[in-house]
Novice: 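Let me give you the structure first, and then I'll get to my questions.
No hydrogens, no waters, no symmetry mates; every other heavy atom, side chains included, goes into these values.
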Amino acid sequence: MKKRVDAGGIAMLHDLDDCTGCYGCEAACRETWHYPFDEDWMRTIRRTPFLVDGKLRNYHVVAPVLDKCAKCYGEGNVPLCVSGCPAKALMIGSLEVIIDEAKGRHCNIYTA
């Protein structure tokens, strides 16, 4: 039986067009919580670049562990991974707000 992760109703938006794959979100999460190096609370995955309509496209994906994200979000502050993202590619909030923000964007929505 799979264990259901409770993230307290939050969701994260990751804008694929804006993300540069800088690993800033990963570093911010580790700096905030000082978790062991054998754990990942936030992971940036760099994908192989590819061509879209003749233009080179870099494609990076973040992989948050939203039950861990709920700790930052629950304190009422904007998590450092979001506020420190130089590309402003991350947003966190309620699923309803994130769905509204996602309209017309090339993005991923993570929820748990």
Side-chain angles (χ1 to χ4, degrees):
M1 174 184 256
K2 290 185 178 182
K3 181 181 174 188
R4 175 85 175 137
V5 175
D6 182 11
I10 65 167
M12 180 177 278
L13 179 144
H14 172 238
D15 192 308
L16 298 168
D17 290 331
D18 292 341
C19 181
T20 62
C22 72
Y23 296 98
C25 55
E26 220 177 289
C29 187
R30 189 169 301 280
E31 179 64 26
T32 301
W33 295 104
H34 306 287
Y35 51 86
F37 282 97
D38 62 344
E39 286 186 41
D40 284 323
W41 288 18
M42 173 68 86
R43 162 85 65 183
T44 302
I45 303 165
R46 286 187 179 226
R47 313 277 317 267
T48 304
F50 57 96
L51 293 174
V52 176
D53 296 328
K55 296 179 183 175
L56 186 64
R57 180 174 182 86
N58 287 315
Y59 185 46
H60 312 291
V61 178
V62 299
V65 180
L66 285 175
D67 63 323
K68 309 295 187 191
C69 297
K71 288 184 172 190
C72 284
Y73 185 70
E75 292 180 357
N77 299 322
V78 176
L80 187 58
C81 63
V82 173
S83 65
C85 177
K88 304 295 183 220
L90 293 175
M91 177 180 281
I92 194 166
S94 69
L95 181 58
E96 295 80 20
V97 169
I98 295 299
I99 288 172
D100 284 343
E101 285 292 328
K103 291 177 182 169
R105 295 171 90 167
H106 182 225
C107 60
N108 290 326
I109 297 176
Y110 303 97
T111 186

Novice: Answer with yes or no whether the hydrophobic clustering places Val65 together with Tyr35; edges join I, L, V, M, F, W, Y residues whose side-chain heavy atoms lie under 4.5 Å apart.
Specialist: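 Each belongs to a different hydrophobic cluster.
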Novice: Among residues at least two apart in sequence or on other chains, which ones pass side-chain hydrogen bond (donor to acceptor under 3.5 Å, both in side chains) with Lys55?
Specialist: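 Applying side-chain hydrogen bond (donor to acceptor under 3.5 Å, both in side chains) to Lys55 gives none.
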Novice: Return the minimal non-hydrogen interatomic distance between His60 and Arg46, and the atom names on each side.
Specialist: ND1-CG, 3.6 Å
Novice: As a test of understanding, state which of Cys72, Pro64, Cys69 forms a side-chain contact (heavy atoms from CB on, under 4.5 Å) with Ile92.
Specialist: Cys69
Novice: Is the side chain of Arg30 donor-acceptor paired with the backbone N or O of Trp41 at a distance under 3.5 Å, no angle test?
Specialist: no
Novice: Let me check something: do Leu66 and Leu13 share a hydrophobic cluster, defined by ILVMFWY side-chain heavy atoms less than 4.5 Å apart, either directly or through other members?
Specialist: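 Leu66 and Leu13: separate clusters.
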Novice: Does the cation-pi check pass for Lys71 over Trp33, that is, NZ or CZ under 6.0 Å from the six-membered ring centre and within 45° of its axis?
Specialist: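 Flagged: Lys71 positioned over aromatic ring of Trp33.
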Novice: Under a 3.5 Å distance rule, please check whether Arg43 uses its side chain to pair with a backbone N or O of Glu26 as donor and acceptor.
Specialist: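 Answer holds: no.
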Novice: Does any N or O in the side chain of Asp40 come within less than 3.5 Å of the main-chain N or O of Met42, such that one atom is a donor and the other an acceptor?
Specialist: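 No, because the side chain of Asp40 does not come within donor-acceptor range (under 3.5 Å) of the backbone of Met42.
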Novice: Please tell me if the side chains of Leu95 and Ile10 come closer than 4.5 Å, counting only heavy atoms from C-beta onward.
Specialist: no
Novice: Decide whether Met12 and Tyr73 are clustered together by the hydrophobic rule: side chain heavy atoms of Ile, Leu, Val, Met, Phe, Trp, Tyr closer than 4.5 Å, transitively.
Specialist: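 Yes, it is one cluster - the side chains of Met12 and Tyr73 are joined through contacts under 4.5 Å.
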Novice: Would the distance check show the side chain of Tyr110 and the main-chain N or O of Val62 forming a donor-acceptor pair, the cut-off being under 3.5 Å?
Specialist: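 Answer holds: yes.
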Novice: Honestly curious: do Val61 and Val52 fall in one hydrophobic cluster under the side-chain, below-4.5 Å linking rule?
Specialist: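 Yes, because Val61 and Val52 connect within a single hydrophobic cluster, where side-chain heavy atoms sit under 4.5 Å apart.
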